[in-house]
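Letters go in sequence order (proteins before strands), and every chain restarts at 1.
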Amino acid sequence: MPLYNDEAITLRHYDFGEADRIVSFFGRRHGKVRVVAKGARKLKSRFAGRLEPFHKVAIVYFGRENANLYKLSNVDFRRTRAAMSDELERFHRACYVTELMEAALREGDPNPKAFLAANATLELIARETRTAELDWITRFFDVRFLSHIGYTPTLDRCVACRGGLPETGQLAFDAAKGGIVCPACRPKFKSAVALSAGAAKFMAKMLTTEFGKAVRLKPSPQILREITSAIIAFRNSRIQVKMNSERFFGSDV
Amino acid sequence: MESSETVKKLSEEFQKLPGIGRKTAERLVFSLLKSQSGQASSLAKALTELVEKVKLCSICGGITEVEPCAICASPTRDKATICVVEQPLDIALLERTGSFTGQYHVLGGTFSPLDGIGPESLRIEQLIKRVKEGKVEEVIVATNPTMDGEATALYLSKVLRPLGVKTSRIARGVPVGSDLEYVDEITLVKSIEGRREM
């Protein structure tokens with residue numbers, strides 16, 4: 001049976017049987033995999049504390065090729081993120097990131113760019129405490145992650161007439177069509193959300209800015225509100241899974 | 001085994017229990033069929049009594065046959081200290097140690113944003129009510145040391161602090177009888193942070 005080595009992000013785990021756990025990882029080289037960690041709930045398990053979500057780990061697992069469920073052989077920390085549960089806002093954002101990965105990624109489908117985006121996002125979330133910054137990081141992740149898995153919104157021209165976009169004024173974003181709609185085409189798209197030209201430009205910048213520089217981009221509250229509506233509508237139209245963790249945003253005590 | 005509908009049904013019922021697969025369920029059914037000393041009737045009676053008599057205590061949420069439960073009704077238990085646990089089973093585990101003399105409060109789980117479980121799904125309102133109405137001085141949060149358990153503990157500390165009650169968290173560290181070589185880094189860090197003077 002082949003043995004697989006990978007660097008991975010722990011997404012979540014479920015209790016299984018008497019003392020085992022099924023753990024979902026997003027691996028850099030092998031994509032999303034589900035593995036059984038035998039005896040993981042026992043006090044003396046060598047896995048126990050290393051299977052919590054959000055950490056970056058090195059995993060060794062084995063099983064038949066293209067199996068639905070592998071067996072975990074070893075797990076070691078590469079980057080611990082225990083601080084995620086020190087702040088509820090931070091915790092909810094990290095949950096959202098892993099939930100989106102669980103919903104959108106197919107098992108055994110490698111996507112190193114999506115892995116790097118998720119890892120960089122969790123790293124930023126682990127260091128951040130301000131709600132506005134966390135909102136921004138989460139939306140930055142949405143755009144980049146969706147783009148890496150094949151859903152890049154059209155932001156440089158009208159998605160309907162393919163014409164150029166005005167530099168200023170009010171545009172719209174149609175999630176089903178997957179991009180910006182110019183003022184002339186706007187009446188044909190009743191469900192499109194309003195988006196200013198400034199917010200559209202900002203969204204385009206999000207697709208090319210490095211993660212390390214994302215925090216410095218800092219949109220204004222108005223632009224953040226506009227791009228949040230557009231991104232959520234776009235994500236919902238493409239992923240079509242209700243994000244449970246999202247309703248807890250802003251519910252810190 | 002599956003020539004009888006009754007046998008098949010019982011086997012399926014056993015399979016709904018945690019940790020029981022098809023083979024184990026069939027072994028259990030076969031064992032009951034073979035038993036001579038009325039084991040099956042006795043099991044059926046125990047199950048009926050379980051359903052009819054056992055309920056959750058209206059105060060702490062623990063398992064009981066009388067209302068309120070023996071711990072909540074006991075005049076010798078320390079009413080100023082409440083230990084918050086995730087499940088009723090955790091009460092039995094802590095009681096087995098014999099080291100805690102206060103009262104309990106069962107939350108019924110922990111936060112799990114991925115499953116849509118937040119504070120409103122847990123028995124947090126009931127805990128706040130107990131703290132407000134009783135003479136509680138300390139709440140010990142004994143949720144599991146998982147990400148979800150830690151986030152729940154953090155939430156509890158935030159909602160209880162304004163009520164003027166001391167909130168503490170059970171200690172985390174190296175398990176007794178284990179080997180440092182096999183302890184994960186986070187546990188080691190927590191055990192050093194939570195060290196005590198000797």
Side-chain angles (χ1 to χ4, degrees), chain A residues 10-21 24 41-55 57 75-103 241-249 251-253, chain B residues 15 17-21 24 86-87 93 109-121 124 128 141 143-163 167 169 172-191 193:
Chain A
T10 313
L11 302 182
R12 71 176 306 183
H13 57 63
Y14 312 85
D15 288 349
F16 180 66
E18 197 67 25
D20 307 337
R21 271 198 169 129
S24 181
R41 284 149 65 205
K42 287 183 183 166
L43 192 64
K44 289 189 178 180
S45 164
R46 65 188 194 281
F47 302 137
R50 298 184 173 98
L51 299 177
E52 286 303 300
F54 318 134
H55 301 301
V57 289
V75 57
D76 277 314
F77 283 130
R78 280 290 173 266
R79 180 81 180 159
T80 61
R81 294 176 181 132
M84 285 300 192
S85 56
D86 290 351
E87 289 284 340
L88 286 171
E89 284 288 0
R90 194 191 275 169
F91 174 70
H92 293 145
R93 295 318 195 281
C95 284
Y96 170 80
V97 168
T98 53
E99 189 179 7
L100 184 57
M101 286 194 273
E102 272 281 78
V241 174
K242 188 184 163 216
M243 293 287 122
N244 284 324
S245 50
E246 201 166 33
R247 78 178 174 93
F248 298 107
F249 289 5
S251 62
D252 199 359
V253 180
Chain B
Q15 285 176 57
L17 298 172
I20 296 186
T24 308
E86 287 182 23
Q87 304 296 344
L93 296 172
T110 54
F111 287 3
S112 182
L114 270 67
D115 300 311
I117 298 172
E120 73 289 340
S121 310
I124 293 177
I128 293 170
V141 185
T143 50
N144 288 327
T146 57
M147 282 284 178
D148 291 347
E150 294 297 339
T152 310
L154 176 69
Y155 180 84
L156 288 178
S157 74
K158 288 189 171 192
V159 294
L160 293 172
R161 201 177 304 137
L163 304 177
T167 312
R169 182 85 173 101
R172 284 157 297 177
V174 182
V176 175
S178 69
D179 196 324
L180 280 182
E181 188 184 348
Y182 295 108
V183 177
D184 66 90
E185 293 87 330
I186 295 174
T187 306
L188 276 177
V189 168
K190 298 286 181 193
S191 63
E193 283 172 359

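In terms of heavy-atom pairs under 4.5 Å with chain A, the best-connected choice from B:Ala151, B:Pro113, B:Gly21 is B:Pro113. Of the listed residues (A:Gly49, A:Ser45, A:Gly17, A:Ala103), the one with the most heavy-atom contacts under 4.5 Å to chain B is A:Gly49. Of the residues considered (B:Gly118, B:Ser112, B:Gly149), B:Gly118 shows the highest number of contacts with chain A, using heavy-atom pairs under 4.5 Å.
Remark: side-chain polar atoms of B:Thr152 are paired, donor with acceptor, to backbone N or O of B:Phe111 under 3.5 angstrom. A donor-acceptor contact shorter than 3.5 Å is absent between the side chain of A:Glu99 and the backbone of A:Met243. At least one donor-acceptor pair under 3.5 Å links the side chain of B:Arg169 to the backbone N or O of B:Val141. Checking side-chain atoms of B:Glu86 against main-chain N and O of B:Asn144 turns up a donor-acceptor pair under 3.5 Å. Remark: the backbone N or O of B:Ile186 is paired with a side-chain donor or acceptor of B:Asp184 at under 3.5 angstrom.
Neither the backbone nor the side chain of B:Thr187 comes within less than 4.5 Å of any heavy atom in chain A. Heavy atoms of A:Asp86 lying under 4.5 Å from chain B belong exclusively to its backbone. At a 4.5 Å heavy-atom cutoff, B:Asp179 makes no contact with chain A through either its backbone or its side chain. Contacts between B:Ile20 and chain A at a heavy-atom distance below 4.5 Å are absent for every atom of the residue. Proximity to chain B is limited to the side chain of A:Arg12, based on heavy atoms less than 4.5 angstrom apart. Using a 4.5 Å cut-off between heavy atoms, A:His13 does not touch chain B at all. When heavy atoms are compared at a cutoff of 4.5 Å, B:Val189 does not approach chain A at all. When heavy atoms are compared at a cutoff of 4.5 Å, A:Phe47 does not approach chain B at all.
Checked for salt-bridge contact, A:Asp20 and A:Arg41 miss the test: no charged N lies under 4.0 Å from a carboxylate O. Looking at B:Arg172 and B:Glu150, a side-chain N of the basic residue comes within less than 4.0 Å of a carboxylate O on the acidic one, giving a salt bridge.
Side-chain contact of B:Glu185 with A:Thr80: a donor-acceptor pair under 3.5 Å is absent, judged by distance alone.
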